[in-house]
Protein chains: 2
Amino acid sequence: MQTQTTPTAPQPQTTGRSLEHPRREEIRLEDVLHALSEPMRMRVVRTLAEEPGELSCSVFDLPVSKSTTTHHFRVLRECGVINQIYRGTAKMNALRRDDLDALFPGLLDSVLAAAALQEGRGGGDRG
Amino acid sequence: MQTQTTPTAPQPQTTGRSLEHPRREEIRLEDVLHALSEPMRMRVVRTLAEEPGELSCSVFDLPVSKSTTTHHFRVLRECGVINQIYRGTAKMNALRRDDLDALFPGLLDSVLAAAALQEGRGGGDRG
DNA sequence: AGTGTAGTTTGACGATCGCCGTACTACTCC
DNA sequence: GGAGTAGTACGGCGATCGTCAAACTACACT
């Protein structure tokens with residue numbers, strides 16, 4: 001974090017400022033549910049669940065500003081739902097499936113299934 | 001709702017002012033998750049899930065004031081998680097298991113299981 | 001060095017949230 | 001009728017939330 005403005009760039013630091021993640025045992029159910037209760041974040045999580053690997057923030061194209069997008073990704077990371085790392089100029093996101101499944105077996109799957117069902121009923125956006 | 005201050009109390013109304021509940025199809029996943037993300041409400045739902053029948057509001061004895069308790073029960077009712085009816089001077093609460101299971105199969109059970117697991121790990125109150 | 005792309009930070013805004021106390025209503029039982 | 005019990009309604013309080021725009025940082029590619 002100490003941005004010393006090192007002009008000669010000693011170590012390239014492998015393209016990453018550090019990002020804080022809660023450890024598995026620190027993840028709390030209420031935080032996960034709260035994170036998932038926000039439609040925009042649910043959308044992100046559902047997209048991430050469909051994809052095998054990592055996705056950069058920019059591929060989501062949410063109908064909100066860039067700063068709001070940053071905010072939502074941060075909430076998801078800080079509550080332990082996603083893992084984020086920098087790769088070059090992009091920031092890659094991945095669902096913390098293993099951790100969530102270990103902590104709350106079946107939860108993520110049923111939430112995802114519920115979201116899909118609701119969308120199928122036409123409740124995808126707003127009534 | 002038209003409180004006409006009818007001084008002579010015309011009809012006793014069969015021990016029940018009416019309570020608004022969303023119909024099954026109106027229940028939204030994000031509202032349910034939001035309702036459940038609040039520890040006090042989760043506690044109510046878990047207690048309700050353990051009991052076979054209805055429970056009055058007063059048996060819960062939450063560590064908050066009466067008005068806050070009323071508030072939490074109302075949130076749970078309005079988002080479709082519980083059913084409330086008046087019985088005499090008491091207001092009985094029951095989980096809308098059938099509706100939730102029909103709408104979001106397995107969701108309630110995995111949330112309940114997750115809450116139990118987290119509590120078992122010692123995360124019952126606040127890490 | 002310069003331009004572009006991706007994401008962050010800050011600070012603000014209005015809305016909602018959880019909480020409370022007080023005053024009130026509805027019902028029961030003596 | 002009067003007292004007691006169960007819950008509601010009405011503000012009001014401070015905190016958090018989702019949102020934005022503007023200014024900024026970090027990296028890549030000429």
Side-chain angles (χ1 to χ4, degrees), chain A residues 1-7 9 11-20 30-31 33-44 54-79 82 84-93, chain B residues 1-20 30-31 33-44 54-79 82 84-93:
Chain A
M1 304 308 194
Q2 63 284 25
T3 320
Q4 281 188 164
T5 52
T6 50
Q11 293 96 192
Q13 233 173 293
T14 72
T15 193
R17 324 59 136 183
S18 48
L19 255 359
E20 288 219 348
E30 57 269 33
D31 295 340
L33 294 180
H34 173 243
L36 263 25
S37 72
E38 217 288 325
M40 217 62 70
R41 291 193 291 256
M42 173 66 88
R43 181 163 152 175
V44 168
E54 306 168 321
L55 290 179
S56 80
C57 291
S58 55
V59 311
F60 289 89
D61 194 39
L62 303 177
V64 291
S65 72
K66 269 202 308 178
S67 30
T68 301
T69 300
T70 295
H71 164 70
H72 284 314
F73 276 102
R74 174 171 8 181
V75 170
L76 287 171
R77 168 170 47 85
E78 289 184 341
C79 78
I82 67 173
Q84 297 191 290
I85 58 162
Y86 287 102
R87 272 200 213 296
T89 178
K91 189 184 203 171
M92 308 304 290
N93 304 276
Chain B
M1 297 307 195
Q2 62 284 22
T3 319
Q4 281 187 162
T5 52
T6 50
T8 44
Q11 292 96 192
Q13 235 172 291
T14 71
T15 193
R17 327 53 141 183
S18 48
L19 255 359
E20 289 218 348
E30 57 269 32
D31 295 340
L33 295 180
H34 173 243
L36 262 24
S37 73
E38 215 289 324
M40 217 62 72
R41 291 192 291 255
M42 172 66 89
R43 181 164 151 175
V44 168
E54 307 168 319
L55 290 179
S56 80
C57 291
S58 55
V59 311
F60 288 89
D61 194 39
L62 304 177
V64 291
S65 73
K66 269 202 308 179
S67 29
T68 302
T69 299
T70 295
H71 164 70
H72 284 313
F73 276 101
R74 169 159 27 170
V75 171
L76 287 171
R77 168 170 48 84
E78 289 183 344
C79 78
I82 67 172
Q84 296 190 291
I85 58 162
Y86 286 103
R87 275 203 210 295
T89 176
K91 190 186 204 171
M92 307 304 290
N93 304 275

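Being a predicted model, the structure only gives us computed values, none of them experimental.
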Quiz item: Taking NE2 from His71(B) and C1' from dG11(D), how many angstroms apart are they, rounded to a whole number?
Solution: 15 Å
Exercise. Check every atom of dG18(C), dT19(D), dC17(D) against the side chain of Arg41(B) and return the nucleotide holding the closest atom.
Key: dG18(C)
Quiz item: Where the side chain of Ala90(B) is defined as all heavy atoms beyond and including C-beta, which of dT9(C), dG18(C), dA6(D) is the nearest nucleotide?
Solution: dA6(D)
Quiz item: Could you give the NZ-to-C1' distance, from Lys66(B) to dT5(D), as a whole number of Å?
Solution: 8 Å
Self-check item: Whole-Å gap separating C1' (dC17(D)) and CD (Glu30(B))
Solution: 16 Å
Practice problem: Mind listing the closest non-hydrogen atom pair of Leu36(B) and Leu33(A) along with its distance? | Solution: O-CD1, 3.7 Å
Quiz prompt | Closest approach of Arg77(B) to Glu20(B) (non-hydrogen atoms, all atoms of both residues) | solution = NH1-O, 2.9 Å
Exercise. Look at all strands and tell whether Ser58(B) reaches a base, only sugar-phosphate, or nothing, counting heavy atoms closer than 4.0 Å.
Key: sugar-phosphate
Quiz item: Between dC19(C), dG18(D), dA26(C), which nucleotide has the shortest distance from any of its atoms to the side chain of Thr68(B)?
Solution: dC19(C)
Exercise. In whole angstrom, give the distance that lies between atom CE of Met40(B) and atom P of dC17(C).
Key: 16 Å
Practice problem: Would you indicate what His72(A) reaches in the nucleic acid, counting non-hydrogen atoms under 4.0 angstrom: base, sugar-phosphate, or nothing? | Solution: sugar-phosphate
Quiz prompt | Set of side-chain contact (heavy atoms from CB on, under 4.5 Å) partners for Glu38(A), sequence neighbours left out | solution = Met40(A), Arg41(A), His72(A)
Quiz item: Nearest nucleotide by nearest heavy atom, which residue falls closer to the 5' end of DNA chain D, Thr69(B) or Glu38(A)?
Solution: Thr69(B)
Practice problem: Using only heavy-atom distances, decide whether a donor-acceptor pair under 3.5 angstrom links the side-chain of Ser67(B) to the base of dG21(C). | Solution: yes
Practice problem: Using atom CG of Leu19(B) as one end and atom P of dA26(C) as the other, report the distance to the nearest whole Å. | Solution: 14 Å
Quiz item: Atom CD of Glu78(A) to atom C1' of dT9(C): distance rounded to whole Å?
Solution: 14 Å
Quiz item: Out of dT19(D), dT28(C), dG18(C), which nucleotide sits closest to the side chain of Val64(A)?
Solution: dT19(D)
Quiz item: How long is the line joining NE2 of His34(B) and P of dG18(D), in whole Å?
Solution: 9 Å
Quiz item: For the residue pair Arg43(A) and Asp61(A), what are the closest heavy atoms and their distance?
Solution: NH2-O, 3.9 Å
Practice problem: Starting from C1' on dA26(C), measure out to CD1 on Ile85(B) and report it in whole angstrom. | Solution: 16 Å
